[in-house]
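See below for the structure under consideration.
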2 protein chains.
Amino acid sequence: MSPKKEQLIAVATDLFSRHGFHPVGVDRILSEAGVARMTLYNHFPGKDDLISAVLDRRYHDIMASLRACVEPTSSAREQLRAIFAWHEAWFATPEFSGCLFERALAEFGTDYPKISDVAIQYKKTMTAWMGDMLKTHLPEQTATRLASILLILLDGATIDARAFHDPTVATRAWGAAEAIIEREIALTSSNPARR
Amino acid sequence: MSPKKEQLIAVATDLFSRHGFHPVGVDRILSEAGVARMTLYNHFPGKDDLISAVLDRRYHDIMASLRACVEPTSSAREQLRAIFAWHEAWFATPEFSGCLFERALAEFGTDYPKISDVAIQYKKTMTAWMGDMLKTHLPEQTATRLASILLILLDGATIDARAFHDPTVATRAWGAAEAIIEREIALTSSNPARR
DNA sequence: CATCTTATACTGATCGTTCTATCTATTCCA
DNA sequence: TGGAATAGATAGAACGATCAGTATAAGATG
């Protein structure tokens with residue numbers, strides 16, 4: 001990919017993260033990236049598509065970073081713990097400013113599919129991934145329901161970590177997740193009929 | 001309060017809820033409210049203050065609505081259940097479009113205190129309220145930690161309910177909350193030394 | 001030669017905000 | 001009861017700034 005296009009995405013990601021999508025104008029991205037106006041419009045039909053590209057990039061980066069943190073050979077619980085730990089480390093990052101997908105959803109709603117689709121896909125992918133981990137210990141239906149709860153915990157933790165500038169919410173979220181998982185496993189194993 | 005001011009807040013609330021804060025211009029609020037330009041600027045120094053007033057109003061409305069749903073004489077668990085049920089009913093509302101406080105935080109971050117303070121105050125109030133309920137059954141420190149988890153669950157459920165257009169996340173969130181509370185109560189009562 | 005990037009000027013629209021001048025309703029005093 | 005004073009609301013023009021996007025032509029790189 002063109003280095004100019006790369007830099008546009010990188011600078012746009014930084015600016016959008018710090019100030020939001022609407023408040024950051026094309027002009028600012030251009031001057032901060034040191035790129036000419038027409039170069040942007042040669043690579044992207046419009047600002048919407050730049051936003052979309054930023055979210056796409058972010059999606060792949062995050063998934064790659066997450067997968068690198070999760071040892072596929074370890075137990076399901078260990079893998080889930082790694083996901084929550086990844087979030088805590090992320091929250092503690094100085095540049096942490098919430099989840100870009102959530103903020104895109106908050107600013108644009110679900111009316112701009114080009115933008116919101118990535119955000120929703122991210123949620124679905126995470127839920128499915130965690131669901132797969134849980135299915136090694138739990139019946140499918142239970143695992144799916146539990147995964148949706150884990151997503152709620154991760155999303156809620158991300159929101160509150162930003163609002164309170166407090167990375168430790170991830171620890172409490174993981175504590176809650178562990179309690180729920182343990183309870184469900186205990187219920188299932190003590191009552192094999194549920195399998 | 002002046003009826004014109006009232007209507008400005010009402011119309012602005014509706015438009016902000018449906019489209020976000022940045023995309024809705026002053027002109028649109030004025031024309032939709034049938035109010036003259038200068039009338040707005042006589043009541044509010046600027047758009048920021050109108051947003052702030054909208055959030056303030058929302059804060060008081062929500063707290064009043066919540067308090068009306070929570071029977072003060074019933075048990076702590078019943079009160080908490082009522083809070084989660086209130087959220088589920090809210091999610092199922094046709095005009096539900098996420099939490100306006102969260103969306104204000106997402107759009108403006110914590111750099112505009114006039115706007116973000118209300119959002120953060122709402123979170124703190126909710127946490128303290130739920131913490132007080134839990135303190136009737138649990139030691140203070142445990143109750144505080146648990147309340148922060150309940151807030152995570154409520155915030156996460158609100159986010160996901162909007163993203164997936166699915167009000168039932170509230171039910172799963174409450175199931176998780178119940179599990180965590182039960183476990184904590186069992187732990188405390190079986191080990192009085194923790195009191 | 002061809003492709004990419006550059007700079008600059010420009011479009012038409014919209015942004016939040018201010019100004020002016022007129023209109024309407026209430027209030028207060030004679 | 002009548003008339004002036006006051007306050008609030010009105011319409012509409014205009015402000016300078018910024019918005020996303022386009023046009024054009026020269027410069028760079030291979």
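Throughout, protein chains are lettered first and strands after them, A, B, ... in sequence-line order, and every chain is numbered starting at 1.
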Kindly state which residues belonging to residues 29-45 of chain A come within less than 4.0 angstrom of DNA chain C, counting heavy atoms of the residue only, listed by number.
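Close to the strand are A:Gly34, A:Val35, A:Ala36, A:Arg37, A:Met38, A:Thr39, A:Asn42, A:His43.
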As a check on the pairing definition, encode DNA chain D in dot-bracket form, counting Watson-Crick and G-U wobble pairs whose two distances are under 3.5 Å, and using | for partners outside this strand.
||||||||||||||.|||||||||||||||
Tell me which one of A:Phe84, A:Phe96, A:Trp86 satisfies ring pair (Phe, Tyr, Trp, His ring centres under 6.0 Å) with A:Phe91.
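That would be A:Phe96; it is the only one of A:Phe84, A:Phe96, A:Trp86 passing the ring pair (Phe, Tyr, Trp, His ring centres under 6.0 Å) with A:Phe91.
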What is the distance, to the nearest angstrom, from the CG atom on B:Leu8 to the C1' atom on C:dG16?
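So the two atoms are 15 Å apart, to the nearest Å.
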When clusters are formed by joining ILVMFWY residues with side-chain heavy atoms under 4.5 Å apart, either directly or through shared neighbours, do A:Ile159 and A:Leu100 land in the same one?
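Each belongs to a different hydrophobic cluster.
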Got a donor-acceptor contact below 3.5 angstrom from the A:Thr188 side chain to the A:Glu184 backbone?
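Yes; judged by distance alone, with no hydrogens or angles, the pair exists.
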I want to check something: taking the side chain as every heavy atom from C-beta on, are A:Leu154 and A:Met130 in contact at a cut-off of under 4.5 Å?
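A side-chain contact under 4.5 Å exists here.
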Salt bridge between B:Arg172 and B:Asp166, side-chain N to carboxylate O under 4.0 Å?
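Salt bridge between B:Arg172 and B:Asp166, a charged N being under 4.0 Å from a carboxylate O: yes.
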Quick one: is D:dA20 close enough that its OP1 or OP2 comes under 4.0 Å of any side-chain N or O from A:Lys47?
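Indeed, a polar side-chain atom of A:Lys47 lies that close.
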Quick one: is D:dG8 close enough that its OP1 or OP2 comes under 4.0 Å of any side-chain N or O from B:Lys5?
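No, outside the criterion.
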Lys/Arg cation over aromatic B:Phe44: B:Lys5, 6.0 Å, 45° cone:
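Verdict for B:Phe44: a cation-pi partner in B:Lys5.
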More than 12 foreign heavy atoms under 6.0 Å from OH of B:Tyr59: is that the case here?
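For B:Tyr59, atom OH is crowded (more than 12 foreign heavy atoms under 6.0 Å).
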Could you check B:His22 against B:Glu107 for side-chain hydrogen bond (donor to acceptor under 3.5 Å, both in side chains), going step by step and ending with a plain yes or no?
CA-CA 8 Å; B:His22 282 105; B:Glu107 282 198 43; 2.6 Å; yes
